[in-house]
Structure formats: C-alpha cells, structure tokens
Amino acid sequence: MTARRFLVALCAAALTLAAPVRADVTASSSTPGASSDIGLRLGALMGVETSSLAGLSGDRLRRIGAPFTGRGGGSDPRVMSASALDAMPRPRGNRQWRCLTEAIYFEARGESIEGQYAVAEVVLNRVDNANYPGSICEVVNQGTGRRYACQFTYTCDGIPEVVTDDRAWNRAGQIARIMMEGAPRDLTAGATHYHADWVSPSWARVYPRTARHGSHLFYRQQY
C-alpha cells in the first residue's frame, strides 16, 4: 500500500469514529514471528499517523481523504499560454488568493507558465497534507521571521515584496485563481518541495524527485 493510500484510509477511518482515538501503541513482550513483527510495525505506524491526524478538523480530513478529480468532469481548465492569460479579465480574489499569487510571482515569475503552475501545485499539495498548515497563507508564511526556518525564500530574504511587473502579477493571479478553483495537479506528481538547480538542500538527498520545470526541481516528501 502506498503512503498516500494509507493516509487516505486513515482519514476515512478518522471521520467515522464517534469517540477520540487513542494514539498509544502497546507491543507484546513475547518474541514475535516475521508476520507478527510486520503487524507490530504497522500498528506503530498507524499510531503515529492517527496521532498526527487527531488535531485536524473534519473539513481538512475530508479534503485529504477525498480523491482529487479536478473541475468540469475531467476537463482541464488550465490556461497554459501566456497570451491567453494576458487576455483574461484582471484577476481578483481574497487573502488566500493573494498569498498564492505572491508565492507564484516572487518564486517563479521568471519560469514558464507550466513552471508557475508547478509552484502553485506545491503550495496546494502542502495545504492538503497533514504535515503542514491548513490554509494557503499559513503554508506560504510558515517559519517567516525565523532565520533559516522559512519555507519559501522570498518571505525571509530581506528583500521587500514589491510588485514591479504588472503583467507577470496578472498571470500569477490568473494561475492562482484557476488552481484554487480545482484545476488538475498533475505536473509534479504530488510534490511538496522544490528548489532551484543551483542549490542542494539536505532534504533533496532523501526525498524522491518527481519533476523538473525550468530551473526548479520538485520532490515529494516521504511520510
């Protein structure tokens, strides 16, 4: 069973429980056989996962556990052409939309349109992941203000976030709106991390690489 399927199964189980689930795992003191040993390790893993999910709201558990189907009965609503994005009405949205637009603009405005969509995927994948905060703005600003702790470089590089390219901002805003409305996330294979190809963070030696778009390499966190 893949980690994703395992997490989905746990989410479904958590939603049906009327009473809190105890996260403690008790192991037998006897010497187990091979199959029993596997069962104990699986039980321990379930205890850890259940504990991590215990503090999540029902809405977020449903979002994590539900299969992603996109919008429009399987049709792909993404606009992958810069000229087509430019022709769309000026985008507007709420605070969460602005946070995603800023992440796309300041992290990837120099990338292709596909690369900008890929960065948006990472942010939204984190929102749906129990290891990260449950909103776009919380994900984008996680660790901001603490040295070496920010998750997105532009939030702690000491450079003011000033929009100087109105066209690039509008494109980022269109992409943010489209992705928030349920466009497919199939460009990064569930990536939760990325980095520019001129740096080498330690986690990149642990997590499997899932995609490359322009100068950004994408990775999926192992649970």
Side-chain angles (χ1 to χ4, degrees), residues 52 55-57 59-61 63-64 68 78 85 90-199 201-204 207 210-221 223:
S52 68
L56 299 182
S57 68
D59 286 343
R60 193 172 181 201
L61 285 169
R63 190 168 65 243
I64 295 171
F68 185 81
R78 288 176 299 190
L85 289 171
R90 186 177 181 85
R92 291 181 174 83
N94 58 16
R95 179 171 176 263
Q96 301 301 319
W97 167 82
R98 185 173 182 87
C99 285
L100 185 55
T101 300
E102 287 181 353
I104 297 167
Y105 177 87
F106 290 110
E107 291 280 305
R109 69 181 181 275
E111 297 289 340
S112 66
I113 298 300
E114 188 175 69
Q116 293 179 54
Y117 272 107
V119 167
E121 281 191 23
V122 168
V123 175
L124 295 176
N125 286 342
R126 286 193 174 202
V127 172
D128 288 345
N129 188 305
N131 293 320
Y132 298 95
S135 76
I136 292 171
C137 289
E138 289 176 316
V139 163
V140 169
N141 293 297
Q142 186 178 12
T144 299
R146 290 184 287 134
R147 191 176 186 184
Y148 306 127
C150 65
Q151 301 296 299
F152 294 86
T153 305
Y154 83 92
T155 67
C156 63
D157 60 7
I159 302 173
E161 283 77 63
V162 178
V163 176
T164 58
D165 187 334
D166 193 57
R167 177 176 291 180
W169 172 263
N170 286 341
R171 290 174 184 171
Q174 300 289 9
I175 292 169
R177 180 185 58 78
I178 291 168
M179 292 302 293
M180 289 175 68
E181 289 180 355
R185 298 183 214 164
D186 54 12
L187 298 174
T188 66
T192 52
H193 291 65
Y194 66 88
H195 68 81
D197 58 11
W198 59 84
V199 298
S202 58
W203 49 260
Y207 301 153
T210 61
R212 175 172 188 147
H213 295 285
S215 63
H216 283 150
L217 306 177
F218 293 81
Y219 302 78
R220 183 177 60 252
Q221 182 175 356
Y223 302 104

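Keep in mind that this is a model prediction, so the values were computed, not measured. We're numbering straight along the sequence, starting at 1.
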Problem - Heavy-atom side-chain proximity of Arg92 to Arg177 below 4.5 angstrom - result: no

Fill in the blank from the handout: Tightest non-hydrogen contact, residues Ala189 and Arg220, listed as O-NH1, 3.0 Å

Problem - Test log, rule side-chain contact (heavy atoms from CB on, under 4.5 Å), inputs Gln116 and Glu107 - result: CA-CA 8 Å; Gln116 293 179 54; Glu107 291 280 305; over 6 Å; no

Practice task
With the side chain counted from C-beta on, respond yes when Glu161 and Glu102 share a heavy-atom pair under 4.5 Å apart, and no when they do not.
Solution key: no

Practice task
Determine, step by step, whether Phe106 and Tyr154 satisfy the ring pair (Phe, Tyr, Trp, His ring centres under 6.0 Å) criterion, reporting the C-alpha distance in whole Å, the side-chain angles of both residues, the deciding distance to 0.1 Å, and the verdict.
Solution key: CA-CA 6 Å; Phe106 290 110; Tyr154 83 92; 5.2 Å; yes

Handout entry: Side chain to side chain, Asn131 and Thr192, heavy atoms closer than 4.5 Å
Key = no

Exercise for the section: Say whether, by atom type as modelled, one donor and one acceptor occur between the side chain of Glu121 and the main chain of Thr188 under 3.5 angstrom. Expected result: yes

Problem - Trp169 side-chain N/O to Tyr105 backbone N/O, donor-acceptor pair under 3.5 Å - result: no

Handout entry: Any donor-acceptor pair under 3.5 Å from Asn129 side chain to Asn125 backbone
Key = no

Problem - salt bridge (charged side-chain N to carboxylate O under 4.0 Å, His left out) partners of Arg90, counting only residues at least two apart - result: Asp166

Handout entry: Min side-chain heavy-atom separation Val139-Gln151 under 4.5 Å
Key = no

Problem - Asp165: partners by salt bridge (charged side-chain N to carboxylate O under 4.0 Å, His left out), with sequence neighbours left out - result: none

Problem - Close side-chain approach of Ile136 to Met180, heavy-atom, < 4.5 Å - result: yes

Problem - Side-chain heavy-atom pair Gln142, Glu138 within 4.5 angstrom cut-off - result: no

Problem - Main-chain N/O of Ala172 paired with Arg109 side-chain donor or acceptor, under 3.5 Å - result: no

Completion exercise
Scanning both residues in full, the closest heavy-atom pair of Gln174 with Pro91 reads NE2-CD, 3.5 Å

Completion exercise
Between Pro184 and Arg78, the two heavy atoms sitting closest are O-NH1, 3.5 Å

Fill in the blank from the handout: Between Gln96 and Ser135 the two heavy atoms that sit nearest each other are OE1-CB, 3.7 Å

Handout entry: Close side-chain approach of Arg185 and Asp128, heavy atoms under 4.5 Å
Key = yes

Exercise for the section: Return yes if some donor-acceptor pair links the side-chain N/O of Arg212 with the main-chain N/O of Gly214 below 3.5 Å, else return no. Expected result: yes

Problem - Heavy-atom closest pair, residues Met179 and Ala120 - result: CG-CB, 3.9 Å

Practice task
Apply side-chain contact (heavy atoms from CB on, under 4.5 Å) to Glu111 and list each qualifying residue two or more places apart in sequence or on a separate chain.
Solution key: Ala108, Ser215, His216

Fill in the blank from the handout: Closest non-hydrogen contact found for Ala103 with Val140 is CB-CG2, 4.1 Å

Exercise for the section: Among Trp203, Phe218, Tyr219, find the residue that satisfies the ring-ring contact (aromatic ring centres under 6.0 Å, His included) test when tested with Tyr194. Expected result: Phe218

Problem - Between CD1 on residue Ile175 and CG on residue Leu85, distance to nearest 0.5 Å - result: 5.5 Å

